[in-house]
Amino acid sequence: MKKLGLLPKLIIAILLGILFGNFAPKWFVEIFATFNNIFGNFLGFSIPLIIIGFVAPGIGELGGGAGKLLAITTGIAYVSTLIAGTFAYFVSSIVLPNFLTVGQLSVNATNPEEALLPPFFKVDMPPIMGVMTALLIAFTLGLGIAAIKGDTVKRFMEEFQQIIEKLISNIIIPLLPFHILGIFANMTYAGQVATIMSVFAKVFAMIIILHLTIILVQYFIAGSFAGANPFRLIKNMIPAYFTAIGTQSSAATIPVTLRQTKINGVDDGVAEFVIPLCATIHLSGSTITLTSCAMAVMMLNGMGTNFSIMFPFIAMLGITMVAAPGVPGGAVMAALGLLESMLGFTPTLTSLMIALYLAQDSFGTAVNVTGDGAIAILVNKISGNKLTS
């Protein structure tokens, strides 16, 4: 079981959850409900720590090499992420209502958790601070690290980030399949899982189409700007795309992304600067997945999804996901605070969101790294270089 990747474990957990929800006695499902309550509370406690551990060191690293090229690359990456999320919002607004009914999972359109079995007992784990407080502290520390020459705080935050990465990779991620199993067992027992499963497949298909579309847009822009054939540029990046599907990590795919970007004719110096940087700051694929999944969950639960609600969420995603660790689910972990504070997600909805996102995480990562190559082409042209192939 240890040799299985996260996605197979999640699939097995979902199937077992449905099986237990259909055939297990009530007390057995309540055991998982109790685990889910404890794990969900622990996740809530961890969210401010995750935000500080991700965002502060990420911003500090960006500022450490301040310069024109850094500002240009960061700006293009953020705009790309923003466009991808906005594109996902408008497509989801049009497509999702065609195959799901608003409020399908809500109970009297007020509390979607009323239909679920309660835990045997609850263990409160209040977070040490609110989400917005954590964000403000992270921004302050990150900008401060970038502004001062000392490295004491920087080293502390880098070590703190390593602790948070260990927390995610050694505790949260291994326990997630059991959490997802419990969520699906409870939803099946409550008669909600048929709706969820039918939506899962359709949302997944829509997101893959959005992913492929945004890659085409990115390379048509880059190819037009640099005077190159976009289809040839995309063809050269295919190895990076499939490597990312396997690794589920932008950071782990850097060597392949870098090699393929150089094959596209980008200057070595530009490629060696842009690709590692974009591996931490460019998340167009992840933003598409998060935006689409969040809107599906919100619609199912009768929550509003208008642009005035979703655009600030998309804008903040591009910041909070900076330097998300190279572990499966890093982006959604960094986004949990925004889901709760900006979109009003409850612990149950957050868990459902994690399941939806992780099932498609590798494809979002593949879009992220493929798009990095397009940004490198743009920066290469802005820097006065021509593609050499």
Side-chain angles (χ1 to χ4, degrees), residues 51-87 135-136 138-148 154 157-158 161 214-215 217-219 221-222 225-226 240 244 249-251 253-254 257-258 261 266-288 290-291 311-326 330-331 334-335 338 364-365 367-385:
I51 290 172
I52 295 174
F54 285 3
V55 179
I59 293 176
E61 283 296 324
L62 291 182
K68 182 180 178 181
L69 200 60
L70 174 70
I72 291 171
T73 306
T74 304
I76 294 174
Y78 183 73
V79 169
S80 174
T81 300
L82 205 61
I83 290 173
T86 305
F87 173 57
L135 279 170
L136 290 171
F139 292 153
T140 303
L141 287 174
L143 293 172
I145 291 169
I148 65 175
K154 181 180 179 181
M157 290 309 304
E158 288 173 348
Q161 183 180 36
I214 206 68
I215 289 175
V217 171
Q218 288 170 341
Y219 277 89
I221 293 173
F225 196 62
S249 167
S250 296
T253 313
I254 285 175
T257 311
L258 186 59
T261 300
V266 175
D267 176 78
D268 286 1
V270 172
E272 289 165 5
F273 173 81
V274 172
I275 296 303
L277 176 61
C278 284
T280 63
I281 66 173
H282 181 230
L283 297 124
S284 56
S286 297
T287 302
I288 286 174
L290 283 166
T291 302
F311 185 74
F313 169 73
I314 294 167
M316 287 300 294
L317 274 181
I319 299 173
T320 55
M321 291 192 299
V322 166
L338 299 182
T365 302
V367 177
N368 294 342
V369 302
T370 306
D372 294 348
I375 292 177
I377 293 169
L378 291 172
V379 174
N380 186 71
K381 178 66 175 179
I382 293 171
S383 301
N385 300 307

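All of these numbers come straight from a predicted model, not from anything done at the bench.
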Nearest non-hydrogen partners of Gly85 and Thr287, listed with the distance: CA-CG2, 3.5 Å

Provide the closest heavy-atom pair for Asn368 versus Gly285 in the form atom of the first, atom of the second, distance. OD1-N, 2.8 Å

Pick one: which of Val79, Thr74, Ile72 meets side-chain contact (heavy atoms from CB on, under 4.5 Å) with Ile76? Ile72

Criterion side-chain contact (heavy atoms from CB on, under 4.5 Å) on Leu338 and Leu317, from CA distance to verdict: CA-CA 8 Å; Leu338 299 182; Leu317 274 181; 4.0 Å; yes

Taking the side chain as every heavy atom from C-beta outward, state whether Ile214 and Phe87 have any atom pair closer than 4.5 Å. yes

Hits for ring pair (Phe, Tyr, Trp, His ring centres under 6.0 Å) against Phe311, two or more places apart or cross-chain, chain-then-number order -> Phe307

Between Ala376 and Val270, what is the shortest heavy-atom contact and its length? O-CG1, 4.0 Å

For Cys278 versus Thr73, what's the shortest heavy-atom pair and its separation? SG-CG2, 3.8 Å

Partners meeting side-chain contact (heavy atoms from CB on, under 4.5 Å) with Thr140 (sequence neighbours left out): none

CD1 of Ile288 to OG1 of Thr86: how many Å apart, nearest 0.5 Å? 10.5 Å

Value rounded to 0.5 Å, distance of OH in Tyr78 from CD1 in Ile83: 11.5 Å

Taken to the nearest 0.5 Å, the spacing of Gln161 CD from Ile52 CD1 works out to 12.5 Å

Verify the distance criterion only: is there a donor paired with an acceptor across the side chains of Thr257 and Asp372 at less than 3.5 Å? no

Roughly how far, to the nearest 0.5 Å, is CG of Leu283 from CG of Leu290? 9.0 Å

How many angstroms lie between atom OG1 of Thr261 and atom CG of Asp267, to the nearest 0.5 angstrom? 12.0 Å

Between Val369 and Ala244 the two heavy atoms that sit nearest each other are CG2-CB, 3.6 Å

His282 and Ser80: side-chain donor and acceptor closer than 3.5 Å? yes

Are Asp268 and Glu272 packed together at the side-chain level, in the sense that at least one heavy-atom pair is separated by less than 4.5 angstrom? yes

Identify, with sequence neighbours excluded, every residue that meets side-chain contact (heavy atoms from CB on, under 4.5 Å) alongside Thr370. Ile215, Tyr219, Met237, Tyr241

